[in-house]
Amino acid sequence: MSKTIFIVEDDENIRVLVNMALTSFSYAAVAFDNAEDALAATATQAPDMFLLDIMLPGISGLEAIKQIRNNSKTRHVPIILLTAKDTELDKVIGLDCGADDYLAKPFGVMELGARIRSVFRRTGQGVPSPVNEIFIGNLYINLDTREVLLSSQPLDFTYKEYELLLLLIRERGRVVPREELLQKIWGVDFVGESRTLDIHIRSLRQKLGDDAEHPTYIKTVRNVGYRFIGEQQQ
């Protein structure tokens with residue numbers, strides 16, 4: 001039986017787009033343009049998830065979260081916030097109110113689907129994922145399609161750049177020596193040609209918006225190699 005997701009979004013274009021996306025993902029979508037109607041509908045049907053905008057006419061999304069969490073029928077229903085508000089404070093307030101995840105507009109349809117599956121898994125609703133995927137902060141990687149998104153925007157990696165990034169992620173927490181990276185990615189001993197690795201690391205950092213001096217993802221361990229320091233979300 002397909003899961004039912006309530007969409008609460010006052011922007012008609014976004015509401016229609018999300019509705020179509022959820023249908024394509026085989027969910028039963030029910031759309032509302034205000035929180036009052038969505039909350040009233042829970043009296044006869046509690047959904048399996050809420051996709052909830054913060055800025056709504058009448059009851060705001062944050063107030064709706066409080067009412068959802070205070071209702072015994074919906075207390076444990078997962079909530080993902082869909083909103084144009086993307087400051088750290090907005091995220092903290094939304095999550096502290098009881099939201100399970102936060103997706104800032106504009107967002108990609110594929111990432112939306114991945115976030116929904118991830119939240120269902122984290123909240124114990126056991127949805128099998130049709131794809132292998134990695135979430136690290138604002139970084140999303142689809143292992144089946146080799147698509148990489150940063151803050152919902154696609155990144156264009158070369159074959160070797162992608163393989164290098166994936167190897168560092170899979171070995172996260174340990175320093176991967178330069179020689180090991182060269183051997184595993186290029187398959188040969190690049191004696192005297194280790195600049196190849198440096199060039200690819202520099203390109204990766206540029207595309208990820210990473211700062212070598214204050215890294216978010218890839219840390220240089222001088223004279224040894226590189227270590228991936230981003231924390232993967234479960």
Side-chain angles (χ1 to χ4, degrees), residues 1-71 73-87 90-131 133 135 137-138 140 142 149 151-153 233-234:
M1 185 176 179
S2 61
K3 292 186 177 292
T4 299
I5 299 179
F6 279 10
I7 307 162
V8 189
E9 168 63 63
D10 62 328
D11 185 312
E12 183 177 5
N13 291 330
I14 296 176
R15 191 169 63 248
V16 170
L17 175 64
V18 173
N19 200 330
M20 292 174 59
L22 294 185
T23 300
S24 72
F25 297 146
S26 299
Y27 297 116
V30 184
F32 303 89
D33 62 7
N34 64 83
E36 289 87 342
D37 289 346
L39 293 171
T42 62
T44 55
Q45 178 190 23
D48 297 291
M49 177 180 285
F50 289 93
L51 298 183
L52 185 63
D53 190 15
I54 286 183
M55 301 298 290
L56 291 167
I59 295 177
S60 72
L62 296 179
E63 178 58 34
I65 292 174
K66 295 175 183 177
Q67 294 193 32
I68 290 167
R69 292 295 177 238
N70 287 330
N71 185 332
K73 290 185 64 175
T74 58
R75 182 171 298 143
H76 302 294
V77 175
I79 301 169
I80 298 179
L81 292 177
L82 305 179
T83 177
K85 286 180 168 291
D86 59 357
T87 67
D90 291 321
K91 294 178 183 179
V92 170
I93 292 173
L95 295 173
D96 282 350
C97 282
D100 296 280
D101 203 352
Y102 189 108
L103 193 54
K105 304 171 188 175
F107 51 84
V109 168
M110 181 177 290
E111 184 180 7
L112 171 63
R115 292 282 182 178
I116 290 171
R117 294 190 296 273
S118 179
V119 168
F120 273 141
R121 288 195 300 272
R122 293 203 316 265
T123 55
Q125 298 203 29
V127 177
S129 174
V131 295
E133 53 205 15
F135 288 101
N138 293 326
Y140 165 73
N142 184 312
L149 304 176
S151 298
S152 302
Q153 300 303 308
Q233 302 172 31
Q234 302 298 319

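FYI, side chains are in, hydrogens and waters are out, and symmetry mates aren't considered; it's all heavy atoms of this structure.
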Could you tell me the separation between the [atom1] atom of [X] and the [atom2] atom of [Y], rounded to the nearest 0.5 Å?
{"X": "D33", "Y": "R15", "atom1": "CG", "atom2": "CZ", "result": "5.0 Å"}
{"X": "L39", "Y": "E63", "atom1": "CG", "atom2": "CD", "result": "9.0 Å"}
{"X": "I5", "Y": "L22", "atom1": "CD1", "atom2": "CG", "result": "5.0 Å"}
{"X": "K105", "Y": "M55", "atom1": "NZ", "atom2": "CE", "result": "9.5 Å"}
{"X": "F32", "Y": "I7", "atom1": "CZ", "atom2": "CD1", "result": "9.5 Å"}
{"X": "L149", "Y": "E111", "atom1": "CG", "atom2": "CD", "result": "6.0 Å"}

Any [X] side-chain heavy atom under 4.5 Å of [Y] side chain:
{"X": "F25", "Y": "V109", "result": "yes"}
{"X": "F120", "Y": "D48", "result": "yes"}
{"X": "I68", "Y": "T42", "result": "no"}
{"X": "I14", "Y": "D53", "result": "no"}
{"X": "L112", "Y": "L82", "result": "yes"}
{"X": "F107", "Y": "V18", "result": "yes"}
{"X": "L17", "Y": "N13", "result": "no"}

To check you understand the geometry: which heavy-atom pair defines the closest contact between [X] and [Y], and what is its length?
{"X": "G98", "Y": "I79", "answer": "O-CD1, 4.4 Å"}
{"X": "A64", "Y": "I59", "answer": "N-CG2, 3.7 Å"}
{"X": "G61", "Y": "L52", "answer": "O-CD2, 3.4 Å"}
{"X": "E36", "Y": "P57", "answer": "OE1-O, 3.9 Å"}

Test item: [X] side-chain N/O and [Y] main-chain N/O as donor-acceptor pair under 3.5 Å:
{"X": "N34", "Y": "D37", "result": "yes"}
{"X": "T74", "Y": "V77", "result": "no"}
{"X": "S24", "Y": "A21", "result": "yes"}
{"X": "E133", "Y": "Y140", "result": "no"}
{"X": "K3", "Y": "M49", "result": "no"}
{"X": "R122", "Y": "D100", "result": "yes"}

Between D101 and R117 (salt bridge meaning N to carboxylate O under 4.0 Å), is one present in this structure?
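Salt bridge between D101 and R117, a charged N being under 4.0 Å from a carboxylate O: no.
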Just checking K73: does its NZ atom have more than 12 heavy atoms from other residues, nucleotides or ligands closer to it than 6.0 angstrom?
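More than 12 within 6.0 Å, yes.
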